[in-house]
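Heads up, the thing below is written out as C-alpha cells.
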Amino acid sequence: MSAPQIPAEQWAQVVEKTGGPCVYKKIPVQKPGPDEVLINVKYSGVCHTDLHAMMGDWPLATKIPLVGGHEGAGVVVARGELVKDVEIGEYAGVKWLNGSCLSCSFCQQSDEPLCGQALLSGYTVDGSFQQYAIAKAAHVARIPKECDLAAISPVLCAGITVYKGLKESGARPGQYVAIVGAGGGLGSLALQYAKAMGLHAIAIDGGAEKGEMCKALGAQSFVDFSVSKDVVADVKAATPDGLGPHAVICLAVSEKPFQQASQYVRSRGTVICIGLPANAFLKAPVFDTVIRMITIKGSYVGNRQDTAEAIEFFRQGLIKAPFKVVGLSQLQEVFELMHAGKIAGRYVVDTAK
Ligand code: NAD
Ligand code: ZN
C-alpha cells in the first residue's frame, strides 16, 4: 500500500480555557513518537466526560489548550519505528486510556487504568476531536475491518466502561440489574450489553422519549425519576419478588441516584459507581449496608482485554445503540444539549464536517 498523504494542518475543536467554549480551528498535525501511531479519526463519540473536562468539573487538571475526545474511530496512517503490530491502513480506536507505563504493579496485573503514569486522551493529552490523533500503539483499540466506524465509536469509551462495570458487578445471567442514567450514552450501551450477557435490565432515567428508547433497547421496565414519587419503591417493584435488583450500574451525572442505589439494591447485591458528577459524595446507612451485606464499588473504564471483548460483542452484531452523527464543527451545540440532559443515546461527530 502506498503511504497515505498526511496534511500539515487539520481541523480540530480546541478548549482554550477551562469553562469553554470549544473553538473550531485549524491546528498542526503532530508526528507519532517511536511507540505511537497516528490515526486519521473519522468519527468520534461525545462522552459526558468531555464536557466535565471542558468545565473543569473534577479534582484533576486537564492540559490547556486541550483537544478533547476519547471515542475516536479511524484509520492508522503513520507509526513510529518501534511499532510492529499495528499496520498502516488498519482500523484503530483512540480510547480514554491513551497510554500507560506497562511495567508498574497495576499494569503488570492488567489494571492499566490505575497506572500512575496513565495518559488520558482528551484530558492529559490531545484526543479525538481532531482529524489526526496520536495514541500509544500498545493501547489503541484494534477494530476489525467489517465494523462501521461511526457505530463503533461510542463503544471505545461508553461500551468498554459499561461492559467492565457489568462484569465487576458479578451479576449472572437471569439476574436483574438496574441501569441508572439508562437513556444517556453509557446507559444505552449498558442496556445492550446487559441483554447480550443474559441479564434483565431495569432502566432509570427521565422523560418519555428516553423511556421508549430504553424499552426498544431491551429494558424490561422503565422508572422515570422525573415523575416517580418514590424511586426506591418503584425500582424494587420492578423485580418479580419485589426484593430489588442484584446489581446497580450507576451512570447518572447527579449525586442523589448514587444514594438511592444502596436503598433499592437487593441484599447481598452490588452497587457499581461509574458516573462522575462534580463534587459528589457517596452516602449510605452503615446499619443497612452491614446487615444487608451490600457491596459498593467504583469501576473505571477497562483494560485492553475488556476492550477487545467489548468490541467483539459489537462485531457479532449484539450491540446496536442509537447515535446521531453531526459535524465536528457542531461540537459546542452537542455539549449544550448534553448539559441540558436532552440527549437520548449518543452523538457522534464526523471529523470531515
Ligand atoms: P449522558 O449525559 O449521555 O447520560 C447521563 C444520563 O443520566 C442522562 O440520560 C440523564 O438524564 C441521566 N440522569 C440524570 N440524573 C438522573 C437521575 N437522578 N436518575 C437517573 N438518571 C439520571 O452521560 P454519559 O456520557 O453516559 O456519561 C455518564 C457519566 O459517566 C459521566 O459522569 C461520565 O463522566 C461518566 N463516565 C465514567 C467512566 C468511568 O470509567 N467510570 C467512563 C465514561 C464516562
Ligand atoms: Zn468517556
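Indexing begins at 1, ligand by ligand and atom by atom, following the structure's order. We use all heavy atoms of the structure for the numbers below, so side chains are in, but hydrogens, waters and symmetry mates are not.
Of the heavy atoms in Lys210, only side-chain atoms (C-beta onward) come closer than 4.0 Å to ligand 1. Under 4.0 Å from ligand 1, the heavy atoms of Trp58 that appear belong solely to its side chain.
Annotation: ring-ring contact (aromatic ring centres under 6.0 Å, His included) contacts involving residues 170-228, sequence neighbours excluded, comprise Tyr163-Tyr193, Tyr176-His200, Tyr193-Phe313. Among pairs with a residue in residues 255-285, none fulfils ring-ring contact (aromatic ring centres under 6.0 Å, His included), at least two apart in sequence or across chains.
Protein N/O/S atoms found under 2.8 Å from the Zn ion (ligand 2), listed by chain and residue number: Cys47 SG, His70 NE2, Cys157 SG.
Listed by atom number, the atoms of ligand 1 under 4.0 Å from Cys157 heavy atoms are 42 (C), 43 (C). Within ligand 1, counting atoms from 1 as listed, the ones closer than 4.0 Å to a heavy atom of Gly183 are 9 (O). Against a heavy-atom cut-off of under 4.0 Å, Val301 is close to the following atoms of ligand 1: 39 (C), 40 (O).
Qualifying side chain to side chain donor-acceptor pair (under 3.5 Å) partners for Glu336, counting only residues two or more places apart in sequence or in other chains: Gln332.
Judged purely by distance below 3.5 Å, without hydrogens or angles, the side chains of Ser100 and His139 pair a donor atom with an acceptor atom. Using modelled atom types and a 3.5 Å distance limit, the side chains of Trp58 and Tyr123 yield no donor-acceptor pair.
Polar contact check, Leu276 against ligand 1: a nitrogen or oxygen pair lies under 3.5 Å apart.
Scanning Gly181, Gly185, Ala178 for the heavy atom closest to atom 3 (O) of ligand 1 points to Gly185. Between the choices Tyr347, Phe258, Phe225, Tyr300, the shortest heavy-atom distance to atom 22 (C) of ligand 1 belongs to Phe225.
Surrounding CZ of Phe106 are at most 12 heavy atoms belonging to other residues, nucleotides or ligands under 6.0 Å away.
Taking the six-membered ring for Trp and the full ring otherwise, Trp11 and Phe129 have centroids separated by 6.0 Å or more.
Between Asp306 and Lys167 a salt bridge is recorded (basic side-chain N to carboxylate O distance below 4.0 Å).
By the 4.5 Å heavy-atom criterion applied to side chains, Val348 and Glu71 are not counted as neighbours.
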